[in-house]
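Heavy atoms only: backbone and side chains are in, while hydrogens, waters and symmetry mates are out.
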Amino acid sequence: MAADLMRINAAKLLRGNVVEILYRYYGTDISLSVLRQSLRAKGFTADEDLVKAFYYLAGDGKRYIHVNLSEQYWDSVIWLTPTGVNLAEGDIEDVGVILDE
């Protein structure tokens, strides 16, 4: 049970870090590979977890991010939507995202 809770919190932190990094770049589209490198510098390394975070943040009812897919997945471009900005600025809350900056 404790391991499950730790895994869930790690996923929430990863989602929050994605939002925080994209907020820093708001107004500029960045590639998924740049975002991935920024997250690796913070200790997040599993590509599988990152892709899950993208699905959560871009999912129905959320739409915090937008990913414009290209043939090479990691060359795809990502940006924060206006709703994502609201999340980053604390105007809205999401129990599935932990922001720590």
Side-chain angles (χ1 to χ4, degrees):
M1 191 65 134
D4 289 340
L5 186 57
M6 287 176 51
R7 192 176 72 252
I8 291 167
N9 281 336
K12 291 178 181 183
L13 280 170
L14 175 58
R15 295 173 196 146
N17 276 276
V18 168
V19 169
E20 289 166 353
I21 290 169
L22 292 175
Y23 184 67
R24 274 187 252 132
Y25 288 102
Y26 188 65
T28 304
D29 305 344
I30 63 171
S31 70
L32 292 181
S33 61
V34 169
L35 178 60
R36 178 172 62 173
Q37 292 300 350
S38 296
L39 289 165
R40 284 187 174 164
K42 291 183 163 226
F44 298 101
T45 58
D47 287 347
E48 176 183 311
D49 293 339
L50 186 53
V51 171
K52 288 177 185 177
F54 296 155
Y55 278 111
Y56 181 90
L57 294 169
D60 289 338
K62 308 249 181 252
R63 306 282 187 220
Y64 302 133
I65 63 169
H66 181 80
V67 179
N68 191 11
L69 294 173
S70 70
E71 283 187 36
Q72 297 295 323
Y73 183 75
W74 294 108
D75 291 336
S76 300
V77 178
I78 186 170
W79 61 86
L80 203 57
T81 65
T83 305
V85 172
N86 288 340
L87 179 64
E89 292 178 345
D91 296 334
I92 59 174
E93 292 184 14
D94 186 316
V95 297
V97 179
I98 296 175
L99 301 169
D100 57 29
E101 280 192 4

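- Both Y64 and V67 sit in one connected hydrophobic cluster of ILVMFWY residues. Membership requires side-chain heavy atoms under 4.5 Å apart, directly or through other members.
- Annotation for Y55: atom OH does not count as buried by contact number, only 12 or fewer foreign heavy atoms lying within 6.0 Å.
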Under the side-chain contact (heavy atoms from CB on, under 4.5 Å) criterion, do D4 and R7 qualify, and how do the steps go?
CA-CA 5 Å; D4 289 340; R7 192 176 72 252; 2.9 Å; yes
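- Using modelled atom types and a 3.5 Å distance limit, the side chains of Y56 and D94 yield a donor-acceptor pair.
- The side-chain heavy atoms of V34 and Q37, taken from C-beta on, include no pair separated by under 4.5 Å.
- Atom CG of L57 and atom CD1 of I78 lie 7.5 Å apart (nearest 0.5 Å).
- Using a 4.0 Å cut-off between charged nitrogen and carboxylate oxygen, R24 and E20 do not count as a salt-bridge pair.
- A heavy-atom distance below 4.5 Å is not found between the side chains of L87 and L80.
- The CG atom of L14 sits 10.5 Å away from the NZ atom of K42 when rounded to the nearest 0.5 Å.
- A continuous path of Ile, Leu, Val, Met, Phe, Trp and Tyr side chains, each step under 4.5 Å between heavy atoms, connects L39 with I30, placing both in one hydrophobic cluster.
- Within a 6.0 Å radius of OH in Y25, other residues, nucleotides and ligands contribute 12 heavy atoms or fewer.
- At least one donor-acceptor pair under 3.5 Å links the side chain of S76 to the backbone N or O of S70.
- Residue V51 is grouped with residue V97 when hydrophobic side chains (ILVMFWY) are merged at heavy-atom distances under 4.5 angstrom, including chains of intermediate members.
- Residues Y23 and V85 have side chains in contact (heavy-atom distance under 4.5 Å, counting atoms from C-beta outward).
- Rounding to the nearest 0.5 angstrom, the gap separating the CZ atom in R36 from the OG1 atom in T45 is 11.0 Å.
- Atom CD of E89 has more than 12 heavy atoms from other residues, nucleotides or ligands within 6.0 Å.
- Clustering ILVMFWY residues whenever any of their side-chain heavy atoms sit less than 4.5 angstrom apart, transitively, puts W79 in a cluster other than the one holding L69.
- Considering every non-hydrogen atom in both G16 and L99, the closest pair reads O-CD2, 3.5 Å.
- A salt bridge links D47 with R40: the closest approach of a Lys/Arg side-chain nitrogen to an acidic carboxylate oxygen falls below 4.0 angstrom.
- Using a 4.5 Å heavy-atom cutoff, the side chains of F44 and L50 are not in contact.
- No path of Ile, Leu, Val, Met, Phe, Trp and Tyr side chains, each step under 4.5 Å between heavy atoms, connects L13 with I8, placing them in separate hydrophobic clusters.
- Between R15 and V18, every side-chain heavy-atom pair lies at or beyond the 4.5 Å cut-off.
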